[in-house]
There are 2 protein chains.
Amino acid sequence: MRLTTRGRYAVTAMLDLALNIEKRPVTLSEIADRQGISQSYLEQLFSKLRKKGLVDGTRGPGGGYKLGRSAALISVGDVISAVNEPVDATQCGGQKNCRGENPCLTHDLWQELSLQIQNFLSGVSLKELMDKESKNSGAKAPLTSLTPIHMQVNSAIKTSVF
Amino acid sequence: MRLTTRGRYAVTAMLDLALNIEKRPVTLSEIADRQGISQSYLEQLFSKLRKKGLVDGTRGPGGGYKLGRSAALISVGDVISAVNEPVDATQCGGQKNCRGENPCLTHDLWQELSLQIQNFLSGVSLKELMDKESKNSGAKAPLTSLTPIHMQVNSAIKTSVF
DNA sequence: CTTATAACCAAGTAATTTAGTCAAGAATAG
DNA sequence: CTATTCTTGACTAAATTACTTGGTTATAAG
């Protein structure tokens, strides 16, 4: 799991898409304008999102993108891991042949933690974020915390490959 | 909150430090050897960790590093945010003057989510990871999940600045 | 059928971040 | 004094990120 501005862009774009879809698909130029992201950069991100089934694209006039499935079934973790290459960064490549007294000791621990982060992000759906927004729309109330995270998520959400 | 291999190196090194300290401080060359990380790179990381009070360094023979406070009071989030610059990546710099119909709408949502991730990582202490390891040491049992995460953390841990 | 629209695709480039080297300095135990 | 180890700074190579350019395909609308 990697968490950079790239994932932020992807989540932002997906949220914009989910929030602005009415009947017609949403075009990338709309999202680019609203969110201030380069359209061609969005094209690259959406190429990856499409290959993971998170969005569906239709070409031609009136075309654009729509969500590949219900916003409730798309997790933030799905989006972020879709646009990032998986990280390795161990000197042994997960083969536990690191020399020394403590082979891969902390590596295992990090991998475990990484999995926890992944699970956490799989527990937050786009829909939750959308609902959060509609509650605060218009009102100037400060953003409070999200609803308590349930670690046991719908198994349908857990389809994201690490 | 940023999550890259850099944070992984930092957490790995901090875990190695916490696990290998007996009486004497742990030297960077030890950590570098055990974990296969360049010593000079570790020096850079530990410079930042030291400035945040997460480690204490003592020079000279017999010197090295020790934890700045109890492992139970050092969260993974502390370590990761210590070695990374904070992310912004909004075109308005958080000033909500983005043009268009939905100014900074999704930005707020991301910021909220980012805070949730930060809180989550602040809920996992180095000590928890160490205990996890000592349970599995020797045994070849597969690593199972960490103990359920309590979102309400010790307030002492929440000192990390975002 | 033509045309405008918009997804799709690939190559290249500038900026940033990451990971590492190198060289020096300062504190300190022995 | 001397070896050790932290501490600091400058510099470099590689990787990633963000963006540009220039196309091609599919398709709705005229």
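Throughout, protein chains are lettered first and strands after them, A, B, ... in sequence-line order, and every chain is numbered starting at 1. In what follows, every heavy atom counts, from backbone to side chain, and hydrogens, waters and symmetry copies are set aside.
Residues Ile74(B) and Met14(B) have side chains in contact (heavy-atom distance under 4.5 Å, counting atoms from C-beta outward).
Between the side chains of Ser29(A) and Thr27(A), at least one donor N or O lies within less than 3.5 Å of an accepting N or O. Side-chain contact check for Ser75(A) and Asp78(A): at least one donor-acceptor pair (N or O, by modelled atom type) lies under 3.5 Å.
Residue Tyr41(B) places at least one side-chain N or O closer than 4.0 Å to OP1 or OP2 of dA19(C). An OP1 or OP2 oxygen of dT20(D) is reached within less than 4.0 angstrom by a side-chain nitrogen or oxygen of Ser38(A). For the pair Ser47(A) and dA7(C), the criterion of a side-chain N or O lying under 4.0 Å from OP1 or OP2 is not met. Distances shorter than 4.0 Å separate some side-chain N or O of Arg50(A) from OP1 or OP2 on dC9(C). Not one side-chain nitrogen or oxygen of Thr58(A) sits closer than 4.0 Å to the OP1 or OP2 atom of dA26(D).
For the pair Arg8(B) CZ and dT17(C) C1', the interatomic distance rounds to 18 Å; values are reported in whole Å. dT17(D) atom C1' lies 13 Å from atom CD1 of Ile37(A), rounded to whole Å. In this structure, CG of Leu28(A) is placed 13 Å from P of dC9(C), rounded to the nearest angstrom. Taking atom CZ of residue Phe46(B) and atom C1' of nucleotide dA19(C), one finds them 16 Å apart after rounding to whole Å. Distance CD (Gln44(A)) to P (dT16(D)): 15 Å, rounded to an integer number of Å. As a whole-Å value, the separation of Leu45(B) CG from dG20(C) C1' is 11 Å. Rounded to an integer number of Å, the gap from Arg6(B) CZ to dT16(C) P is 16 Å. What separates CG of Asn84(A) from P of dT18(C) is a distance of 13 Å, to the nearest Å.
Remark: Arg50(A) does not engage Glu43(A) in a salt bridge, criterion side-chain N to carboxylate O under 4.0 Å. Using a 4.0 Å cut-off between charged side-chain N and carboxylate O, Arg69(A) and Asp56(A) make no salt bridge. Checked for salt-bridge contact, Arg24(B) and Glu30(B) miss the test: no charged N lies under 4.0 Å from a carboxylate O.
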Any protein N or O atoms within reach of nucleotides 23-25 of chain D? Criterion: under 3.5 Å, listing atom names and distances.
from: dT25(D); atom 1: O2; to: Arg59(A); atom 2: NH1; distance (Å): 2.9

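For Lys51(B), taking side-chain heavy atoms from C-beta onward, the closest of the listed nucleotides dT8(D), dT17(C), dT21(D) is dT8(D).
No more than 12 heavy atoms of other residues, nucleotides or ligands shown are found within 6.0 angstrom of NZ on Lys127(A).
Axis angle across the helix from dC1(C)-dG30(D) to dG30(C)-dC1(D), with five pairs used at each end and values rounded to 10°: 20°.
Within 4.0 Å (heavy atoms only), Thr27(B) reaches sugar-phosphate atoms of the nucleic acid but no base atom. At the heavy-atom level, Ser29(A) lies nowhere under 4.0 Å from the strands shown. Note on Tyr65(B): only backbone sugar-phosphate atoms sit closer than 4.0 angstrom, heavy atoms only; bases stay farther off.
Closest approach of Tyr65(B) and Leu17(B) over heavy atoms only: O-CD1, 3.3 Å. Closest approach of Gly123(A) to Glu128(A), counting heavy atoms only: O-OE1, 3.1 Å.
DNA chain C is contacted by both Gly7(B) and Gly60(A); Gly60(A) maps to the nucleotide lying nearer its 5′ end (nearest heavy atom per residue). Positionally, the nearest nucleotide of DNA chain D for Gln39(A) lies more toward the 5' end than for the other of Gln39(A) and Pro61(A).
Side chain of Ser114(A) to backbone of Trp110(A): no donor-acceptor contact under 3.5 angstrom is found.
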